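Structure in structure tokens, see below.
Predicted model, so just to flag it, every value in this text is computed and none were measured. So that the names make sense, note that chain A is the first sequence line, chain B the second, and so on, each numbered from 1.
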Amino acid sequence: MVSVTVEFLGGLDVIVNKQRIHQVQIDEEGVDMKRLISYIADQMITNKNDVEVFLEDGSVRPGILTLINDTDWELEGGEGYLLEDKDVISFTSTLHGG
Amino acid sequence: MGQISKRRSSVSFDYSAMSFTPPSDPVNRKSEIKVSQLCELCHCRKALLRRPKNLQKVCKLCFFHVFETEIHNTIVSNKLFHRGEKVAVGASGGKDSTVLAYILKLLNERHDYGIEIILLSIDEGIIGYRDDSLATVKRNQVQYNLPLEIVSYRDLYNWTMDEIVACAGVRNSCTYCGVFRRQALDRGAAKLGIAHVVTGHNADDMAETVLMNIFRGDVARLEKSTAIITQSTGSPIKRSKPFKYSYQKEIVLYAHYKKLDYFSTECSYAPEAFRGTARELMKNLEMQRPSCILDIIHSGENLVLKPKRQKKISPSEVMEVRSDGAVSLGRPSKFVDGNTCERCGYLSSNKICKACILLEGLERNRAKMTLDTDTSTGGAARLTRELERLTF
């Protein structure tokens, strides 16, 4: 079981009830980022049409910045990163106008 | 909506009272860090990101330092500012202009440029979008202690975007808005006696524009599109883009780490479809090779077209037919930079500028009567969107 904070920033909150910060608990062992992403797509995104805003070909869409404890997830092993309790995962859309 | 008085600049900033939730600070800090995880610049802190331009792994503090310094170098090497200059930041409340206002203020203090910075915002009159983003700009005004000037389409053109959309439809909204905004920024600056407007266009935007102009075959724009300073002859106002070489990803990260308050909602009216295509391509290219954004800008900068041969002038080029059928005669035989519009005096390559032509068309179609339940004031865009979503 793992309990983490998930944030949807840069306008991405519109796909999850306009709430920026979520507490997420997954009752499984060895939860990695890949599992968290599928959990978000299945359980958290309210309107299924919005899934494609978040995902492309099964992974986070290019243009969405993924941070694990403020570190770019590429440097933490990407989808293979094993979540730990109290981790802060943030997804930030970079595509909105400046 | 809470109105904040323009002169409330010395108020201490309270996040909770002003509806901005900053990103949370991580609580999990690794006690053991592998050597391979260290910052490649200071070699003593954990790297948090990989810079897209050179794939270097850097920590937060080194990132702030290199990001700010590179913008400083861009400003200095292109001689963007001179001492005593008044500079208006085109502030939309979005990430780019928010970071731009923050960094310019910081660099101006750090390197003593001696410039005076003013936030200049355009109120297009889009309820549910621009009123919210202007609230962000008003918070920025307090946070950064910078003067703010808001110029509205209502004051300049006697039309709001909501009314324009109600009249001309949502499909053309970006055409109107784009033409009007360009003028509005210049007029706002002129009103303030400012001759320099800086905008938050970043490297991704520049590369997208280069690609778009190539796809469209718009050779006339292609050459000019990568210039850092643009100014039409005869215009007192120049524009520049200090973020020309700054990656969008780094701007967003900078705003994230600095917990800057910015607004991020897509405009209520249809987003620019064609730019969307170029943007998607750009993002996919960036995934393959992050340096390609700077490469495309570099290519754009070095593209010089062969000068065109003079064409024979056809009658259609001498005459100018306007939308209402009126004809202007005696138009100069070739494009002259620095002409002014007969009606409003704004720069125009034609006798009448594009904004006046659009306004003329709008005025003719303005409703003579209004309904009691006038939807335009309640955000026509929202209503249109809601209607579009209806299914039976």
Side-chain angles (χ1 to χ4, degrees), chain A residues 2-16 18-24 46-50 52-53 55-57 59-78 81-98, chain B residues 21-30 36-37 46-51 57 59-60 90-100 133 199-202 204-205 243 247-253 255-257 262-267 271-272 275-276 279-280 282-288 389:
Chain A
V2 70
S3 167
V4 295
T5 304
V6 182
E7 302 186 337
F8 296 87
L9 311 172
L12 212 56
D13 53 328
V14 292
I15 63 170
V16 282
K18 296 195 174 170
Q19 189 188 331
R20 282 162 66 97
I21 301 173
H22 295 253
Q23 297 301 325
V24 174
T46 32
N47 183 347
K48 290 301 151 211
N49 293 335
D50 286 338
E52 63 184 74
V53 176
L55 292 183
E56 186 181 276
D57 300 329
S59 193
V60 179
R61 226 187 151 72
I64 293 177
L65 193 64
T66 308
L67 301 178
I68 299 170
N69 297 322
D70 266 359
T71 304
D72 193 333
W73 73 326
E74 285 172 36
L75 301 182
E76 296 283 5
Y81 174 84
L82 284 178
L83 294 181
E84 290 174 24
D85 270 337
K86 294 181 190 156
D87 274 350
V88 178
I89 315 293
S90 73
F91 298 97
T92 310
S93 170
T94 64
L95 294 180
H96 289 294
Chain B
T21 327
S24 324
D25 273 319
V27 276
N28 283 355
R29 296 263 182 221
K30 293 254 168 61
S36 63
Q37 289 179 315
K46 184 171 180 289
L48 290 191
L49 68 137
R50 196 193 281 279
R51 300 200 69 201
K57 285 189 277 184
C59 67
K60 197 193 278 188
S92 65
K95 57 182 169 19
D96 299 307
S97 57
T98 303
V99 174
L100 181 62
S133 62
T199 54
H201 291 97
N202 58 43
D204 298 50
D205 297 333
F243 280 174
Y247 275 73
Q248 191 161 49
K249 181 177 171 179
E250 294 197 343
I251 293 171
V252 174
L253 274 169
H256 180 89
Y257 291 144
Y262 68 90
F263 179 78
S264 48
T265 302
E266 199 63 73
C267 174
E272 266 184 285
R275 186 170 280 276
R279 182 167 295 175
E280 194 129 312
M282 205 59 254
K283 277 287 147 209
N284 288 325
L285 285 172
E286 190 189 356
M287 269 223 302
Q288 300 298 319
R389 269 193 225 112

- request: State, yes or no, whether a side-chain contact exists between B:L253 and A:L67 at a heavy-atom distance under 4.5 Å.
  value: yes

task: Considering non-hydrogen atoms only, spot the tightest contact between B:P26 and A:V88 and give its length.
output: CA-CG2, 3.9 Å

A:K48, NZ atom: more than 12 neighbouring heavy atoms under 6.0 Å: yes

task: Using salt bridge (charged side-chain N to carboxylate O under 4.0 Å, His left out) as the criterion, list what pairs up with B:E250, not counting sequence neighbours.
output: B:R51

field: Salt-bridge present (A:E76, B:K46; N to O < 4.0 Å)
entry: yes

statement: Across all chains, not counting sequence neighbours, the side-chain contact (heavy atoms from CB on, under 4.5 Å) partners of A:D50 are A:I15, A:I45, A:N47, A:V53

task: Rounded to the nearest 0.5 Å, what's the gap from CG on B:D25 to CG on A:N69? Could you check?
output: 10.5 Å

- prompt: Under a 4.5 Å heavy-atom cut-off, does chain A meet the side chain of B:H256, its backbone, both or neither?
  reply: side chain

message: Can you tell me if A:Q19 has over 12 outside heavy atoms packed within less than 6.0 Å of its CD?
response: yes

message: Need one label for B:F243: side chain, backbone, both or neither, based on atoms under 4.5 Å from any heavy atom in chain A.
response: neither

Gap separating the CD atom of B:Q248 from the CG atom of A:L65, nearest 0.5 angstrom: 10.0 Å

task: Could you tell me which non-hydrogen atom of B:N284 sits nearest to which non-hydrogen atom of A:P62, and how far apart they are?
output: OD1-CG, 3.6 Å

message: Treating A:R20 as the side-chain partner and B:T21 as the backbone partner, does any N or O pair qualify as donor plus acceptor under 3.5 Å?
response: yes

field: Nearest non-hydrogen partners of A:G10 and B:S264, listed with the distance
entry: C-OG, 3.0 Å

query: Which one, A:E74, A:K86, A:E84, leads in non-hydrogen pairs under 4.5 Å with chain B?
result: A:K86

task: Enter the distance from B:S24:OG to A:I89:CD1 here, rounded to the nearest 0.5 Å.
output: 11.5 Å

- prompt: Considering only heavy atoms from C-beta outward, does the side chain of B:E280 approach that of A:E56 to under 4.5 Å?
  reply: yes

- prompt: Any sub-3.5 Å donor-acceptor pair from B:N28's side-chain atoms to A:D85's backbone N or O?
  reply: yes

task: Any chance you could measure A:T71, atom OG1, to B:R50, atom CZ, to the nearest 0.5 Å?
output: 12.5 Å

message: So, taking the atom named NZ in B:K249 and the one named OG1 in A:T92, what distance separates them when rounded to the nearest 0.5 Å?
response: 11.0 Å

